[in-house]
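For this chain, numbers begin at 1 and follow the sequence in order. Each ligand, and each atom within it, is numbered from 1 in the order the structure gives.
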Amino acid sequence: MNSLRTLIRDVPNFPRPGVVFKDIGPLLADPTGFTACITALAAPWRDVPIDAVCGIESRGFIFGAAMALAMKTGFVPLRKVGKLPPPTLGIDYDLEYGSARLEISSGGLGAQGLPAGARVLLVDDVLATGGTLDAGRRLLEQAGAQVVGAGVVIEIDGLRGRMRWPEAIPLRTLLRC
Ligand SMILES: O=P(O)(O)OC[C@H]1O[C@H](OP(=O)(O)OP(=O)(O)O)[C@H](O)[C@@H]1O
Ligand SMILES: Nc1ncnc2[nH]cnc12
C-alpha cells in the first residue's frame, strides 16, 4: 500500500482555504497502481455475498464501477441532485467543504433490477468527515437495501469520519493519512 500512497497528491488550500485535498489523479493514471487499488479494495469482500456495488458520484463511480466488474456484480449509482429521472429518493448532507444532496432511483432497488433487501457494498474514494458515506448508507437503507459493508480508498484520520459509521457494518479503507 505504500506505493499507492505515493500516487496520491496533497493539494493544500483546495477547494477552500484550510483543506488539504487528496488528489487521486496520479493513482488513476497509473495502470499498475489503479489495478492494485481495485484488487485490494475488492479483496476483503471475496467471500461475502453481494448483489451490487453502489458508488457515490462522482469519484466513487470510478472505484465502484471497477470494483463491480472485479467482483462480477451490478453497479448502482448514488447521484448528486437533479441527475436522475424521477421518481427518486434523496438525502441532504454536509461534507468537509460544503453540502450536497444524493439521490437514488426510487421504487426501491427493484427499479434498478435488484431485489428488495439486496445486499450492497457502498464505495467511495475519500472518507473525510464521513457525512457523504453516512448519507449514502442511510439513502440505501431508505431504498430497502441492506448495506453489508463499505470500501474507501483514503481515510483522513484527523477528520474522524469513521465515528459516524455504525460499528456493526465493516468499513474497510486502503490508506489512512
Ligand atoms: O467524508 P466527507 O467529508 O463527506 O467527504 C468525502 C466526500 O467528498 C468528496 O466528494 P465531492 O462531493 O467533493 O464530490 P466529487 O467526487 O464529485 O468530487 C469525496 O469524493 C467524498 O465523496
Ligand atoms: N480533503 C479531501 N480531499 C479529497 N476529497 C475530499 N472530500 C472531502 N474532503 C476531501
With heavy-atom distances below 4.0 Å as the criterion, list the atoms of ligand 2 near I156. 1 (N), 2 (C)
Please check: side-chain N/O of N13 versus main-chain N/O of G18, any donor-acceptor pairing under 3.5 Å? yes
So does L171 get a backbone contact from the side chain of R162, meaning a donor-acceptor N/O pair under 3.5 Å? yes
What pair of heavy atoms forms the shortest contact from E103 to L84, and how long is it? O-CD1, 3.6 Å
For ligand 2, does V20 get within less than 4.0 Å through its side chain, its backbone, both, or neither, judged by non-hydrogen atoms? backbone
Judging by distance only, is a nitrogen or oxygen of G130 under 3.5 angstrom from one on ligand 1? yes
In terms of residue, atom name and distance, what is the protein heavy atom nearest to atom 8 (O) of ligand 1? L95 CD1, 3.4 Å
Provide, to 0.1 Å, the distance between atom 7 (C) of ligand 1 and the closest protein heavy atom, together with that atom's residue and name. T132 OG1, 3.4 Å
Numbering as shown, the atoms of ligand 2 that approach R59 to under 4.0 Å (heavy-atom distance): 4 (C), 5 (N)
Grab the two heavy atoms, one from I8 and one from L27, that are nearest each other, plus how far apart they are. CD1-CD2, 4.0 Å
For Y97, the ligand 1 atoms whose distance to one of its heavy atoms is below 4.0 Å: 8 (O), 9 (C), 11 (P), 13 (O)
Which atoms of ligand 2 are found less than 4.0 Å from any heavy atom of A128? 8 (C), 9 (N)
What residue and heavy atom of the protein are closest to atom 3 (N) of ligand 2, and at what distance? K22 N, 2.8 Å
salt_bridge(R101, D92) N-O dist < 4.0 Å: yes
Please check if the side chain of T132 supplies one atom and the backbone of L95 the other of a donor-acceptor pair under 3.5 Å. no
Determine whether E57 and K83 satisfy the following criterion, salt bridge (Lys or Arg N to Asp or Glu O under 4.0 Å), listing intermediate values before the conclusion. CA-CA 10 Å; E57 186 169 357; K83 300 292 184 178; 5.2 Å; no
Determine the minimum heavy-atom distance between F75 and A68, stating which atoms define it. CB-CB, 4.0 Å
List ligand 1 atoms under 4.0 Å from T129, heavy atoms only on the residue side. 1 (O), 2 (P), 3 (O), 4 (O)
Hey, does the side chain of R9 reach the backbone of D23 with a donor-acceptor pair shorter than 3.5 angstrom? no
Is the contact between D124 and ligand 1 made by the side chain, the backbone, both, or neither, using heavy atoms and a 4.0 Å cut-off? side chain
One finds that the ligand 1 atoms under 4.0 Å from a non-hydrogen atom of G131 are 1 (O), 4 (O)
Atom 6 (C) of ligand 2: which protein heavy atom is closest, and how many Å away? Y97 OH, 3.5 Å
Would you indicate whether the side-chain heavy atoms of I154 and I24 approach each other to under 4.5 Å? yes
Tell me which part of E96 gets within contact of ligand 2: side chain, backbone, both or neither, using heavy atoms under 4.0 Å. side chain
Are R119 and V48 close enough that some pair of their side-chain heavy atoms sits under 4.5 Å apart? yes
Counting C-beta onward and ignoring hydrogens, is there a side-chain heavy-atom pair between L121 and M71 closer than 4.5 Å? yes
Considering E57, R59, E96 one by one, which has a heavy atom nearer to atom 11 (P) of ligand 1 than any of the others? R59
Side chain, backbone, both or neither: the part of D125 lying under 4.0 Å from ligand 1 by heavy atom: side chain
For atom 17 (O) of ligand 1, which candidate among S58, G161, G136 holds the nearest heavy atom? S58
Please classify the Y93 to ligand 1 contact at 4.0 Å (heavy-atom distances, strictly less than): side chain, backbone, both or neither. neither
So is L127 polar-close to ligand 1, meaning N/O to N/O under 3.5 Å? no
Expected output: side-chain D124 to main-chain V152 donor-acceptor under 3.5 Å: no
Need the ligand 1 atom indices (1-based, order shown) with element for anything under 4.0 Å from a heavy-atom of V126. 6 (C), 21 (C)
Taking only heavy atoms of K80 into account, list the atoms of ligand 1 that are under 4.0 Å away from them. 11 (P), 12 (O), 14 (O), 17 (O)
